[in-house]
Chemist: 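Handing you a structure now.
Within every chain, numbering begins at 1; the chains are lettered A, B, ... in the order of the sequence lines, protein sequences first and strands thereafter. Values reported hereafter were calculated over all heavy atoms of this structure, with side chains retained and with hydrogens, waters and symmetry mates removed.
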There are 2 protein chains.
Amino acid sequence: MGRHREFDPDEALHVALQVFRRQGYEGTSISDLTDAMGITRPSLYAAFGNKEDLFRQALDLYERQHLCFAHAALQAPTAQESVERLLRGYADVLTDPTNPPGCLGVNGAVACSEASEAIREELIARRMVNENNLRDRLEQARSNGDFPKNEDPTDWARYVVSIGLGMAVKAASGASREELHRVVDFAMRGWPTVPA
Amino acid sequence: MGRHREFDPDEALHVALQVFRRQGYEGTSISDLTDAMGITRPSLYAAFGNKEDLFRQALDLYERQHLCFAHAALQAPTAQESVERLLRGYADVLTDPTNPPGCLGVNGAVACSEASEAIREELIARRMVNENNLRDRLEQARSNGDFPKNEDPTDWARYVVSIGLGMAVKAASGASREELHRVVDFAMRGWPTVPA
DNA sequence: AGCGAATTATACCGGTCAGTAGGATAGTTG
DNA sequence: CAACTATCCTACTGACCGGTATAATTCGCT
């Protein structure tokens with residue numbers, strides 16, 4: 001009962017995601033969002049809560065829709081293959097021509113005012129989840145024998161994530177897909193091999 | 001002639017640099033700056049121009065004071081040594097305990113509103129200068145014979161800068177100096193050797 | 001038709017944004 | 001002392017910030 005919504009919340013959330021991805025959390029105003037989403041302020045607050053809630057929902061959508069490749073990548077047969085798929089898939093997402101360049105998890109907030117500290121910490125935590133997932137995969141690989149016993153999965157996961165973060169900043173700075181893939185080429189050169 | 005300034009502009013600029021480094025350009029308000037610098041708004045505008053001018057001056061100071069190691073690093077005898085000194089020196093700057101973690105060139109602005117677009121582009125341009133300086137060093141190394149003829153200095157410079165940017169984000173996320181140095185360890189593993 | 005519920009749009013809230021006007025103050029120069 | 005000048009502080013500007021009160025509108029239901 002009651003009046004029907006005149007906009008599609010899912011579609012509106014996609015638009016909000018685009019704006020946040022381009023301008024970051026702090027650089028995006030409610031007016032920026034309502035203008036792009038084609039709805040009024042009260043509609044936004046009724047449908048999504050406040051700005052912080054909306055950002056978190058956009059972040060969820062982003063991970064669900066754009067970072068979903070990561071789960072599949074981690075299931076590749078070898079650790080090396082997993083990492084390479086991870087980095088190449090990420091390079092493609094970062095430079096997807098239908099979206100603003102870069103990653104919401106980085107563009108969202110790297111440094112910000114105290115008012116946005118909660119969002120910054122949320123992003124740090126989410127990035128850490130990914131790093132830990134990769135570490136777990138490398139530990140599994142070490143058990144399986146396709147990752148050297150004397151190498152530290154925690155250190156390697158941090159290294160791979162750092163490469164990804166660097167590519168994210170480069171993408172936001174205008175780097176092309178090909179340039180990022182060439183970064184991946186070099187990043188994989190030092191990958192450790194199990195002694196025969 | 002006229003009243004003397006009651007604050008040291010250089011000291012005040014150091015403080016402004018700290019604030020910008022912690023909160024970024026857009027996340028820093030004039031009030032944040034005047035509070036930290038211990039001066040009033042009109043004093044700030046009289047001494048440094050507007051917010052954008054002040055940021056650029058802080059950026060100049062940052063490069064002069066914290067990134068000065070890079071020039072020396074590039075003069076190391078070999079390309080490999082130059083790159084390793086570059087990355088290790090950068091890791092130390094990023095985690096210098098007397099300053100907010102991370103790099104002003106990254107924390108300053110990765111994604112922002114249109115109002116700060118000029119600053120974002122300035123940072124991109126300055127990062128590109130560093131990348132080009134490294135490329136030139138690698139090209140010189142290729143002439144000197146301590147970098148392989150079949151490797152592309154442009155690609156390698158982009159790779160090294162990407163590593164640095166990734167470390168900068170990790171530092172801003174709380175990574176320790178030791179963790180960043182371990183990233184450097186792995187980043188250097190794939191460094192190309194000249195065929196004997 | 002008429003009631004209640006949900007969404008709509010307008011118009012506003014106090015607070016903060018970057019930037020400045022204008023008068024008071026302190027210093028140099030005659 | 002008086003004149004000049006540069007810096008100081010208080011107080012302000014208009015615009016924008018995130019968020020909301022209010023009332024008109026539009027639907028399902030009886």
Chemist: A:Glu26 has an atom CD; how far is it from atom C1' of C:dT16, in whole Å?
Modeler: 13 Å
Chemist: Figure out the CE/C1' separation between A:Met37 and C:dT8, and round it to whole Å.
Modeler: 16 Å
Chemist: Does the base of C:dA5 carry an N or O that pairs as donor and acceptor with the side chain of A:Arg3 under 3.5 Å?
Modeler: no
Chemist: What range of DNA chain D does chain B touch, first nucleotide to last, counting atoms under 4.0 Å from its heavy atoms?
Modeler: D:dT5 to D:dT10
Chemist: Rounded to the nearest Å, what distance is computed from the OH atom of residue A:Tyr45 to the P atom of nucleotide C:dC13?
Modeler: 17 Å
Chemist: So which one's nearest nucleotide on DNA chain C is more toward 5', A:Phe7 or B:Glu52?
Modeler: A:Phe7
Chemist: Among the candidates C:dG19, C:dG27, C:dC17, find the nucleotide nearest to the side-chain atoms of B:Lys51.
Modeler: C:dG19
Chemist: Scan B:Thr28 against the nucleic acid and name what it touches under 4.0 Å (heavy atoms): base, sugar-phosphate only, or nothing.
Modeler: sugar-phosphate
Chemist: Please examine the side chains of A:His66 and A:Asn99, heavy atoms only from C-beta on, and report whether any two atoms are closer than 4.5 Å.
Modeler: yes
Chemist: Might you point out which heavy atoms bring A:Val183 and B:Ser162 nearest each other, and give the distance in Å?
Modeler: CG2-OG, 3.8 Å
Chemist: Would you kindly give the CZ-to-P distance between B:Arg41 and C:dA21, to the nearest whole Å?
Modeler: 14 Å
Chemist: For C:dC17 and B:Ser29 - does any side-chain N or O of the residue sit under 4.0 Å from the phosphate oxygens OP1/OP2?
Modeler: yes
Chemist: Between B:Glu6 and B:Asn50, just flag the one whose closest nucleotide in DNA chain C comes earlier from the 5' side.
Modeler: B:Asn50
Chemist: Side chains of B:Trp191 and B:Trp156: does their closest heavy-atom pair fall under 4.5 Å?
Modeler: yes
Chemist: Consider only side-chain N and O atoms of B:Ser43 and B:Thr40, and report whether a donor and an acceptor are under 3.5 Å apart.
Modeler: yes
Chemist: Quick one: B:Tyr25 OH to C:dC17 C1', roughly how many Å, whole number?
Modeler: 12 Å
Chemist: Taking all non-hydrogen atoms of both residues, which atom of A:Pro192 and which atom of A:Phe147 are closest, and how far apart?
Modeler: CG-CE1, 3.6 Å
Chemist: What is the separation between atom CZ on A:Phe48 and atom P on C:dT7, rounded to the nearest whole Å?
Modeler: 12 Å
Chemist: Heavy atoms, side chains only, cut-off 4.5 Å: are B:Leu87 and B:Val83 in contact?
Modeler: yes
Chemist: Testing B:Glu121, B:Glu26, B:Glu122 one by one against B:Ser116 for a side-chain hydrogen bond (donor to acceptor under 3.5 Å, both in side chains), which residue passes?
Modeler: B:Glu26
Chemist: Distance check: side-chain N/O of B:His4 vs OP1/OP2 of C:dT28, anything under 4.0 Å?
Modeler: yes
